[in-house]
2 protein chains.
Amino acid sequence: MRTSTLTQIKSGPSGPVAHDQVRCSDCPIRYRAVCAQCEGDELAHLEQIKFYRSFEAGQPIVWEGDRMDFVASVVTGVAALTHVLEDGRTQMVGLLLPSDFLGRPGRALAAYNATAATDVVLCCFRRAPFDKMMQATPHLAHRLLEMTLDELDAAREWMLLLGRKTARERLASFIAIIARRQAALSKSRPAGRMELELPLSREAMSDYLGLTIETVSRQITALRRDGVIEVAGKRGVIVTDYARLVEQSGDDSDGGLPS
Amino acid sequence: MRTSTLTQIKSGPSGPVAHDQVRCSDCPIRYRAVCAQCEGDELAHLEQIKFYRSFEAGQPIVWEGDRMDFVASVVTGVAALTHVLEDGRTQMVGLLLPSDFLGRPGRALAAYNATAATDVVLCCFRRAPFDKMMQATPHLAHRLLEMTLDELDAAREWMLLLGRKTARERLASFIAIIARRQAALSKSRPAGRMELELPLSREAMSDYLGLTIETVSRQITALRRDGVIEVAGKRGVIVTDYARLVEQSGDDSDGGLPS
DNA sequence: CGTAGTCTTGAACCGCGTCAAGCTTGGTGG
DNA sequence: CCACCAAGCTTGACGCGGTTCAAGACTACG
């Protein structure tokens, strides 16, 4: 049932497309998203003002400066926030994974470009009712504060990467982040040999890491040559030993990048 | 009574130094800090759990991983948050100006090093009562959410700088940020000729900008040679034309970096 | 089999880091 | 008042890591 509703989305060639409601109680991100602490009436109210939108990989979600009359949780897939300078230089400034929040309550204009890095499904809330609910529901405000603080921590870890790490360390850090989040999905700790699927193209990785696409490619080759990873197709990566990968990432300790 | 307990702290020559209480109603950051929207009882309660601490320029406030049993607002001065890799590479990840908030409610361990970049006065709140008050006071949580979202925006602007800007653009961006905030203090818009005092040493600037101290120095010289700025002593800078400075910063539009 | 999109590889270049002196300023003591 | 020193800043010479520019190679898809 759930799955069938989701497959309907895949219609429009380029536009976002709505699809049938999924009950919040069946939602895969029920206990991790903004709504995590809502129950009963609150959840019912959220259910009323929510709607789903899907985007195919590569599609824009909003442009910087555009009016955005909803906020949303990422249900499945990966979305990227980017800043672009006038001469075209691009820097990714946010990577939104399932349960992450998109948009800013109380602000109608998007501050960054948002793009679907993979196929993405968003659970959207109309802005006005959501803002009103934020005022009335301490749960919601608290949860959002907590999530925003986590994102701030992640952004600061990322600043360390951009400001001080070498190209090799950046690649190792990125792969380690993906490994960690994949382990988190199965509620295990990352360790030993791990098979991963990178959620970003080489170009998106270069935008994330503040490098060129060529340098990304070369460093992946170098990590492979040194036996830190194996490569399987364009997106597939096998980490031969997670601890060894972390060593290459330049971080003194493991941990880092929440969510 | 209140003051006497605090003045006792005033012991060590290099340790933090407390000073007499200031009434919240007289506080210079009264309407910009976390407490901005608190009135009456709420303010009185905050007043009860607050205490001041001072730090001389260069002193550490907390170390990453240390227990931190307070949160605080910066009243005067500038504090820096930094990450350090094991080999000593350092990246500043936060620059706290007056009214900015230090610490994370609900987390006792510091996630970064905090250092006084100039002489700093903090208005501290003991953690436990502050956390409790956060639960009970929607005002407070909302204000903190708003401030955290602003900081996240600033961090993302900063990521663009670290990932994609040249050394010259970074310096111009930094000086423009200082110019903007100084204009904001006198409630004017930055424009034309402006005299500034940089709140950071060359070393701190290099940590902020992801450069070496030598490159910072060279780029300041270059901006001076090109007539974009004049230099007066170690910390003094005169921006000859703010618009020209912004052109050099690589940003397509003005704006950016809230707070 | 051809073609487009994505990724890889190579060679040359250059911006910034590194290393090593000098310079400027302020503080201290003779 | 000046000699001395330490800390912070500036300047120069040189090398390296990552960018740039330019071909190839690998898929996926007609």
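Here is how names work: the chains are called A, B, and so on, in the same order as the sequence lines, proteins then strands, and each is numbered from 1.
- Residue-level contact check: A/Ile213 touches neither bases nor backbone, having no heavy atom under 4.0 Å from any strand.
- In terms of position along DNA chain C, the nucleotide closest to A/Arg235 lies nearer the 5' end than the nucleotide closest to the other residue of the pair B/Ala167 and A/Arg235.
- Between A/Arg244 and A/Asp226 there is no salt bridge, since no side-chain nitrogen of the basic residue lies less than 4.0 Å from a carboxylate oxygen of the acidic one.
- A/Tyr242 and A/Arg180 share a side-chain donor-acceptor pair at under 3.5 Å.
- Between the NZ atom of A/Lys165 and the P atom of C/dC16 there is a distance of 22 Å, rounded to whole Å.
- D/dG18 atom P lies 17 Å from atom CG of A/Asp207, rounded to whole Å.
- Counting heavy atoms from C-beta outward, A/Ser249 and A/Glu169 have side chains that stay 4.5 Å or more apart.
- Side-chain atoms of B/Leu211 lie closest to C/dC16 of the nucleotides C/dC16, C/dC7, D/dG18.
- Among the heavy atoms of the strands lying under 4.0 Å from B/Gly210 are primed sugar atoms or P, OP1, OP2 only; no base atom is included.
- In this entry the distance linking CD of A/Glu203 with C1' of C/dT8 reads 15 Å, nearest Å.
- Rounded to whole angstrom, the span from the CG atom of B/Leu171 across to the P atom of D/dT10 amounts to 10 Å.
- Residue B/Ala57 comes nearest to B/Asp119 through the heavy atom pair N-OD1, 2.8 Å, listed as atom of the first residue, atom of the second, then distance.
- One atom, CD of A/Glu169, and another, C1' of D/dG17, lie 12 Å apart when rounded to the nearest Å.
- Considering B/Val75, B/Val71, B/Val74 in turn, B/Val74 is the only one that fulfils the side chain to side chain contact (heavy atoms under 4.5 Å, CB included) rule with B/Leu122.
- Between the base of D/dC21 and the side chain of A/Glu214 there is a donor-acceptor pair shorter than 3.5 Å.
- A salt bridge links B/Asp207 to A/Arg164: at least one charged side-chain nitrogen sits closer than 4.0 Å to a carboxylate oxygen.
- A salt bridge is absent between B/Arg202 and B/Glu214; no separation between the charged side-chain nitrogens and carboxylate oxygens falls under 4.0 Å.
- Contacts between residues 215-227 of chain B and DNA chain C, defined by a heavy-atom separation under 4.0 Å, are made by B/Thr215, B/Arg218.
- Here D/dA7 presents its P atom at 12 Å from NZ of B/Lys234, a figure rounded to the nearest Å.
- In this structure, CG of A/Leu200 is placed 10 Å from P of C/dC7, rounded to the nearest angstrom.
- When rounded to the nearest whole Å, the span between CZ of A/Arg164 and C1' of D/dG18 equals 16 Å.
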